[in-house]
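Report on the structure given below.
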Amino acid sequence: NPVIEALPEQLPLFELFDALTYFPPYDEAERHYESYDRQASLAQIHTCFIPRSIHIEMTRKFHSAVCLGYASRNPMTACFVSDLTELSKCVKSKDSLFERVKLSNAISAGYSIFGSSGTGKSSAMNRIEDLYPQIIEHESYKGRSFHYKQIVWMKLDCPPDGHLKGLLVNFFSEFDRLTGDNTLTKFAGNGRASIDQ
């Protein structure tokens, strides 16, 4: 499966710990700054990240979820091409519920992270995402031409009002930013479409 093979290999424990760790750049000259400048430099401490065992577990779960999602979506198989063709027909005919399509048994995986505000959930995910390219552009696979843009991960912010429409607009906007496409305009009326549309 080319999309799984293109992912970075999982790192052994100690290498993973080093890869997740982040210390802000330090310049010895800062010790001789005026006190107000030294205090301003202290703010960099908030960018420091030292992983704990939960972060190692989160990284492993992230990798597993990505691989499991790709396992049943091998772009080199006829089944995958058939699924895409069927989905495309539904989109073009505005069948928003995809009632007419019978897809193969594609599997998706995910996991949830719960914790109080400010405990480092977002910081941890940012460090984990940095281990993976956001997009992989394929040219060939095993000697065959294979032009394919693989989105490994995509981050969406929940809209402040919590509405589904805002989340969908965020999804299409981010998708278009990553792919250079204009999906939001083509299929969602540039954000003016209803949720069902």
Side-chain angles (χ1 to χ4, degrees), residues 1-10 58-114 122 125-126 128-197:
N1 188 330
V3 290
I4 293 176
E5 291 174 28
L7 295 173
E9 289 186 25
Q10 288 204 75
M58 286 169 62
T59 306
R60 300 293 191 220
K61 284 183 177 180
F62 180 87
H63 187 86
S64 294
V66 171
C67 287
L68 185 60
Y70 285 145
S72 56
R73 293 174 180 86
N74 184 341
M76 301 305 278
T77 63
C79 186
F80 178 85
V81 174
S82 174
D83 282 355
L84 279 187
T85 303
E86 291 301 314
L87 287 170
S88 178
K89 287 178 188 174
C90 285
V91 170
K92 288 175 182 168
S93 68
K94 300 197 184 294
D95 174 14
S96 61
L97 297 178
F98 300 98
E99 291 175 338
R100 296 189 315 237
V101 67
K102 290 185 179 174
L103 300 176
S104 59
N105 295 323
I107 298 169
S108 293
Y111 62 97
S112 300
I113 304 168
F114 296 97
S122 295
M125 282 310 303
N126 289 339
I128 293 166
E129 290 159 3
D130 283 347
L131 300 176
Y132 294 82
Q134 190 166 21
I135 292 181
I136 300 171
E137 301 229 20
H138 298 264
E139 298 285 326
S140 64
Y141 179 67
K142 295 189 176 179
R144 292 172 53 191
S145 180
F146 177 60
H147 295 279
Y148 190 79
K149 189 175 280 195
Q150 174 182 354
I151 299 175
V152 178
W153 59 270
M154 194 163 70
K155 183 181 282 188
L156 302 176
D157 290 323
C158 289
D161 60 9
H163 289 141
L164 180 58
K165 182 175 179 179
L167 184 64
L168 293 170
V169 169
N170 287 352
F171 172 84
F172 285 113
S173 297
E174 181 65 1
F175 180 84
D176 289 347
R177 185 187 72 79
L178 294 173
T179 62
D181 204 347
N182 62 344
T183 311
L184 181 63
T185 304
K186 267 195 300 197
F187 298 110
N190 206 21
R192 292 183 297 276
S194 70
I195 291 173
D196 284 344
Q197 288 171 321

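Count residues from 1 along the sequence.
With rounding to the nearest 0.5 Å, the separation of CE in Met154 from CG in Leu178 is 7.0 Å. Note that CG of Asp176 and CZ of Phe171 are 9.5 Å apart. Values are rounded to the nearest 0.5 Å. Separation of atoms CH2 (Trp153) and CD (Glu129) is listed at 4.0 Å; rounding is to 0.5 Å. To the nearest 0.5 Å, the span separating OG1 on Thr183 from CZ on Phe175 amounts to 4.5 Å.
Using a 4.5 Å heavy-atom threshold, the side chains of Asn1 and Pro75 count as touching. Side-chain contact between Ser64 and Tyr111 is absent, with no heavy-atom pair separated by less than 4.5 Å.
Scanning for salt bridge (Lys or Arg N to Asp or Glu O under 4.0 Å) contacts around Arg177 gives Glu174, with sequence neighbours left out.
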Exercise answer: donor-acceptor pairs, residues 135-144 side-chain atoms, under 3.5 Å, sequence neighbours excluded:
{"residue": "His138", "atom": "NE2", "partner": "Gln150", "partner atom": "OE1", "Å": "2.6"}
{"residue": "Tyr141", "atom": "OH", "partner": "Glu5", "partner atom": "OE1", "Å": "3.2"}
{"residue": "Tyr141", "atom": "OH", "partner": "Glu5", "partner atom": "OE2", "Å": "2.8"}

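Considering all non-hydrogen atoms of both residues, Leu184 and Ser173 come closest at CD2-OG, 3.5 Å. Minimum interatomic distance between Val152 and Pro133 (heavy atoms only, all atoms of both residues): CB-O, 3.2 Å. When all heavy atoms of Pro159 and Leu167 are compared, the pair lying nearest together is CG-N, 3.6 Å. Cys67 and Ile4 make their closest contact through O-CD1, 3.7 Å (heavy atoms, listed as atom of the first residue, atom of the second, distance). Contact record, Met125 with Ile113: SD-CD1, 3.7 Å, taken as the closest heavy-atom pair. Nearest approach of Leu7 to Val3, heavy atoms of both residues: CG-O, 3.5 Å.
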Worked check of side chain to side chain contact (heavy atoms under 4.5 Å, CB included) between Asp83 and Arg73: CA-CA 9 Å; Asp83 282 355; Arg73 293 174 180 86; over 6 Å; no
Assess the residue pair His63 and Thr59 against the criterion (side chain to side chain contact (heavy atoms under 4.5 Å, CB included)); give the C-alpha distance rounded to whole Å, side-chain angles, the decisive distance to 0.1 Å, and a yes or no. CA-CA 6 Å; His63 187 86; Thr59 306; 5.9 Å; no
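The aromatic rings of Phe80 and Tyr148 sit perpendicular to each other, their planes meeting at more than 60°, with 30° as the lower class boundary.
Using a cutoff of 4.0 Å between basic side-chain nitrogens and carboxylate oxygens, Asp181 and Lys186 are scored as salt-bridged.
Using modelled atom types, no side-chain atom of Asn170 and backbone atom of Leu156 make a donor-acceptor pair closer than 3.5 Å. Here the side chain of Ser88 pairs no donor or acceptor atom with the backbone of Leu84 at under 3.5 angstrom.
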